[in-house]
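Nothing here was measured: the structure is a model prediction, and the numbers come from that model. Below, all heavy atoms of this structure are taken into account, side chains as well, without hydrogens, waters or symmetry copies.
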Amino acid sequence: MTADSDATDNFGSPLFHCKKGSGIAVAEGDTSDDLRTTIAAMILHDQDPTIAMVPDDSSAMGVEAFTGMTGWRYRFQLSVTGPAFEQLERTGIFQFKLGDSPVRSEFKVGLENVRKFQDLCKRSSK
């Protein structure tokens, strides 16, 4: 994970990016068949997509589903200092549920860069 004026990890799905010093990261990734089915059911029943982070992290918000060049994708915001990012930094695991569909990603390489990414994205204390 690297940053200059904007930060991104460039590692694939999910990928994380932020505006330097914003305190907020955007998580974006490819949707699985299960996730697409869940999102479709929510839309069919006029429900907003809801996200539950594991561990619980109330900073996650603004779930979107959209089409991209590689197919359907999801995107949401969360704090770079919240429990979900802290777990990612410690264990390499990033997980959440969108509706009833769990999403779990494990990163084995570059964990030392998670802290650097967090530091560049954190709000500066003045």
Side-chain angles (χ1 to χ4, degrees):
M1 297 181 179
T2 60
D4 42 46
S5 61
D6 288 324
T8 181
D9 66 6
N10 291 321
F11 284 131
S13 185
L15 67 87
F16 303 97
H17 55 95
C18 77
K19 183 173 182 178
K20 187 176 179 180
S22 70
I24 301 292
V26 175
E28 183 177 320
D30 298 320
T31 58
S32 64
D33 289 340
D34 287 343
L35 203 51
R36 282 192 298 277
T37 301
T38 297
I39 292 168
M42 290 173 143
I43 292 169
L44 184 64
H45 292 96
D46 231 4
Q47 298 172 337
D48 289 330
T50 56
I51 191 161
M53 300 303 300
V54 179
D56 186 32
D57 187 337
S58 61
S59 74
M61 62 184 165
V63 179
E64 300 175 74
F66 62 97
T67 57
M69 293 184 68
T70 59
W72 282 96
R73 298 182 60 76
Y74 63 84
R75 175 175 38 219
F76 61 91
Q77 297 179 354
L78 73 158
S79 170
V80 295
T81 57
F85 242 92
E86 292 299 320
Q87 175 178 273
L88 175 62
E89 190 268 330
R90 275 190 330 276
T91 66
I93 297 171
F94 186 75
Q95 54 189 345
F96 62 92
K97 283 179 70 175
L98 185 56
D100 293 330
S101 295
V103 177
R104 178 184 166 104
S105 301
E106 288 191 49
F107 300 89
K108 297 293 184 192
V109 213
L111 284 182
E112 67 278 359
N113 292 325
V114 174
R115 178 58 64 191
K116 291 177 188 174
F117 177 81
Q118 286 175 298
D119 289 343
L120 291 167
C121 295
K122 283 181 188 174
R123 292 185 191 274
S124 58
S125 54
K126 294 181 181 181

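Separation of atoms CE (Met61) and CE (Met53) is listed at 12.5 Å; rounding is to 0.5 Å. Between the CD atom of Glu28 and the CD atom of Gln77 there is a distance of 12.0 Å, given to the nearest 0.5 Å. Remark: Arg36 CZ to Thr31 OG1 distance equals 4.5 Å, nearest 0.5 Å. Rounding to the nearest 0.5 Å gives a distance of 10.5 Å between CG of Leu120 and NZ of Lys122.
Hydrophobic clustering, with ILVMFWY side chains joined whenever heavy atoms are under 4.5 angstrom apart, groups Leu111 together with Phe117. By the criterion of side-chain heavy atoms lying less than 4.5 angstrom apart, applied directly or through intervening Ile, Leu, Val, Met, Phe, Trp or Tyr residues, Val114 is not grouped with Val54; the two fall into different hydrophobic clusters. No chain of hydrophobic side-chain contacts below 4.5 Å, direct or via other Ile, Leu, Val, Met, Phe, Trp or Tyr residues, connects Tyr74 to Val26. Hydrophobic clustering of Ile, Leu, Val, Met, Phe, Trp and Tyr side chains at less than 4.5 Å, counting indirect connections, unites Leu78 with Ile51.
At least one donor-acceptor pair closer than 3.5 Å links the side chain of Gln118 to the backbone N or O of Val80.
Smallest separation of non-hydrogen atoms from Cys18 and Ala25: CB-CA, 4.0 Å.
Applying the side-chain contact (heavy atoms from CB on, under 4.5 Å) test between Ser101 and each of Thr37, Asp33, Asp34 identifies Asp34 as the sole match.
Contact annotation: the side chain of Leu88 approaches that of Phe16 to within less than 4.5 Å [non-hydrogen atoms, C-beta and beyond].
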Pairs under 3.5 angstrom only: tabulate donor-acceptor contacts from the side chains of residues 91-100 to other protein residues two or more places apart or in another chain.
unit_1: Thr91; atom_1: OG1; unit_2: Gln87; atom_2: O; d: 2.7
unit_1: Thr91; atom_1: OG1; unit_2: Ile93; atom_2: N; d: 3.1
unit_1: Gln95; atom_1: OE1; unit_2: Arg104; atom_2: NH1; d: 3.3

- [ ] Tell me, with the steps shown, if Lys116 and Asp119 meet salt bridge (charged side-chain N to carboxylate O under 4.0 Å, His left out).
- [x] CA-CA 5 Å; Lys116 291 177 188 174; Asp119 289 343; over 6 Å; no
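Residue pairs meeting the side chain to side chain donor-acceptor pair (under 3.5 Å) criterion with at least one partner in residues 47-59, sequence neighbours excluded, are Asp57-Ser59.
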